[in-house]
Amino acid sequence: MSLDEKQIAFYKDVANDLWSILIWTDYGSNGFQKLSYLTESITKIYKHLNFSSFSNIIIYVRLEESVSLENIDNSNCIPYRSFQNLATISGDTLTIEVQENLDVLVSVDFAPQIEPLRANAIVYQRIGTNESILGKTEQKTLKQPPNSESYFSIQTYKDLDVALEDYKVKVARSTAMCPELKTIWFDDNRIFLKPKPEHLMRNSLTYFLKLRLRTAAEVRPEQVVDESHPVDIKVTWEYSTNLALIEIKWLGKSLQNYGANFTQNYSAARALKGATQLAEYLDSNRVQAPDKVTKGYLVVFDGRRWQINSNKAEISRSNGFHFENSEIQYTPEYNKTRTDFAKPVRFFMEPNCTI
Amino acid sequence: MEIKVEAIFDTLYIGSKIESRLDDFSQYEIQFFAYLSCLLSLYEGNPLSFWEYSFVKTSLGSPYSVDIEEAWRFLKSKGSAEQTTEGFSKLTDKGRSEIDFYLTLHAFRQRVRYLDAACKSLSFIPVGYIKQAINNEPVLRTARTTVHRRFLLDESSPATSALHQQFGTLREALREESYDDLLLPAIVWIEALNRQSQIQESL
């Protein structure tokens with residue numbers, strides 16, 4: 001097979017996997033136009049709806065009048081003219097018909113029969129956290145982006161500080177949603193870390209920022225500030241002289257086997273060391289990139305637990321969450337003495353408490 | 001410097017589409033989607049000159065057109081767009097009226113096809129994935145490895161030949177389906193670029 005033939009086969013494979021192509025194939029140009037309208041509407045709906053509280057959601061745009069929600073659930077369906085008002089809806093199952101005039105019809109705790117619906121409408125379905133677009137006989141699962149509850153609800157940020165705050169609350173806290181962070185733990189109870197988890201933390205944060213920072217031209221891991229100073233993440237913006245250097249440290253105990261010695265045991269002192277290290281990077285960077293307005297961010301992944309030894313397989317809530325609100329006291333407080341040092345951010349990572 | 005009317009129209013049009021999705025828009029986003037629109041015009045076989053303005057790469061390897069920058073400044077200075085937060089703007093009523101006016105002109109009709117396909121890809125693919133994909137197309141990927149600021153899409157460049165080769169195979173792969181909506185090949189190409197970069201990263 002020639003290179004061109006391989007490339008053609010590759011494009012065909014990609015096309016065969018796409019839900020947009022499925023809809024075009026099954027419903028033609030009109031169906032594809034409706035799909036575009038449906039996906040735009042889902043994004044707007046999910047800005048307001050507490051969608052993760054429902055176990056089953058169907059959102060559709062009809063192709064035939066016969067599957068209008070007014071026809072199939074006349075007694076319960078309610079029209080909404082503003083997406084904002086969808087924030088008040090709660091229940092287990094939800095069906096929404098998006099109409100041409102941007103109004104939506106909503107039925108709570110009602111699920112239509114799928115077969116007649118998919119024959120006459122462009123349908124999106126969310127069961128649990130699995131999202132699909134339905135063709136006439138086939139359906140395509142949407143690949144869930146890491147650290148996002150839905151394909152249609154990826155938050156973007158203008159500001160690095162806000163992005164870090166959201167990462168703290170939505171990703172680092174539970175660690176379960178992130179493909180990288182969920183693998184940093186020694187076991188499912190998240191008491192100890194695996195040896196050398198830092199690259200997974202760095203990759204997780206890099207990917208989060210790369211996909212979400214709106215005007216960042218580059219989010220790069222492991223960037224060298226000078227010959228002796230590699231910084232974990234460097235963020236650069238277009239049309240701006242701003243540059244951010246992010247130094248990552250982790251706290252807690254890492255373990256290879258139960259009962260063995262800890263491979264690392266990092267206390268708050270590690271964070272203080274990280275702060276000094278970052279201050280040095282910033283000094284070096286001032287020489288290397290004098291035309292940039294650089295700001296340093298110390299990010300601390302905190303997996304500390306109270307009163308544990310290496311045989312511990314379970315942990316109580318009081319010991320597991322002992323450090324939850326235990327902010328680190330930095331001396332010196334570089335963020336107060338230098339304008340290029342942001343206030344350090346600590347991401348407390350929750351354990352799974354079973355006793 | 002004379003401001004190109006195509007750059008003014010593109011800035012207004014792309015701005016309005018991004019604004020409807022993300023509430024406002026930045027110059028970086030306009031430049032990026034203008035470049036993607038230009039690539040889609042090349043995919044359909046238009047010469048580079050059809051686009052009426054050209055792109056160079058910035059020091060960070062992003063596409064940049066001085067005509068878009070001039071249009072951006074011009075529209076802000078005459079009140080067609082206003083700042084929301086630092087680096088971000090949204091259209092004013094005046095700006096919206098101007099789009100409506102431009103859309104009545106025959107000269108922009110064909111252009112809208114490319115701008116629309118680029119902007120509508122946002123309804124199918126998260127913006128971060130689109131950025132990631134386009135940064136991996138042959139021209140931008142090659143541009144990032146050179147230090148000099150230079151024209152992107154230069155017809156004599158091997159990277160542009162590689163881009164045309166990709167487009168040729170993409171057209172061939174989708175030939176039997178005869179998609180009349182340019183958005184479909186655009187989606188397949190963006191998805192394929194991301195898959196290729198994932199494969200390369202995993203090697």
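Just so we're on the same page: letters track the sequence lines, and every chain starts at 1.
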Is [X] close to chain B through its backbone or its side chain, or both, or neither, when contacts mean heavy atoms under 4.5 Å?
X        : result
A:Lys158 : both
A:Lys143 : side chain
A:Ile42  : neither
A:Thr156 : side chain
A:Ile21  : both
A:Thr43  : side chain
A:Trp237 : backbone

Open item on the list: Can you confirm whether the side chains of A:Glu238 and B:Thr58 place a donor and an acceptor under 3.5 Å from each other?
Closed with: yes

Where on [X] is there a heavy atom nearer than 4.5 Å to chain A: the side chain, the backbone, both, or neither?
X        : answer
B:Arg171 : neither
B:Arg144 : side chain
B:Thr84  : side chain
B:Ile18  : side chain
B:Asp23  : side chain
B:Gln31  : side chain
B:Gln27  : both
B:Leu22  : both
B:Gln165 : side chain

Please examine the side chains of [Y] and [X], heavy atoms only from C-beta on, and report whether any two atoms are closer than 4.5 Å.
X        : Y        : result
B:Leu174 : A:Tyr11  : no
B:Asp181 : A:Gln33  : yes
B:Asp180 : A:Trp24  : yes
B:Glu176 : A:Lys12  : yes
B:Phe88  : A:Arg214 : yes
A:Phe32  : B:Tyr179 : no
A:Ser20  : B:Leu184 : yes

Give, for atom [atom1] of [X] and atom [atom2] of [Y], the distance between the pair rounded to the nearest 0.5 Å.
X        : Y        : atom1 : atom2 : value
B:Lys131 : A:Leu213 : NZ    : CG    : 7.0 Å
A:Phe10  : B:Leu170 : CZ    : CG    : 11.0 Å
B:Ile125 : A:Ile154 : CD1   : CD1   : 11.0 Å
A:Thr236 : B:Leu60  : OG1   : CG    : 4.5 Å
B:Ser123 : A:Tyr37  : OG    : OH    : 12.0 Å
A:Glu40  : B:Leu122 : CD    : CG    : 9.0 Å

TODO: Taking the six-membered ring for Trp and the single ring otherwise, decide whether the centroids of A:Phe152 and B:Phe124 are under 6.0 Å apart.
DONE: no

Open item on the list: Using a 6.0 Å cut-off, check whether atom CD of B:Glu86 has over 12 heavy atoms from anything other than its own residue.
Closed with: no

TODO: Name the option with the most non-hydrogen atom pairs under 4.5 Å to chain B; the candidates are A:Leu142, A:Leu35, A:Ile8.
DONE: A:Ile8

- [ ] Sort out for me which of A:Asp13, A:Leu38, A:Asp17 touches chain B most, counting heavy-atom pairs under 4.5 Å.
- [x] A:Asp17

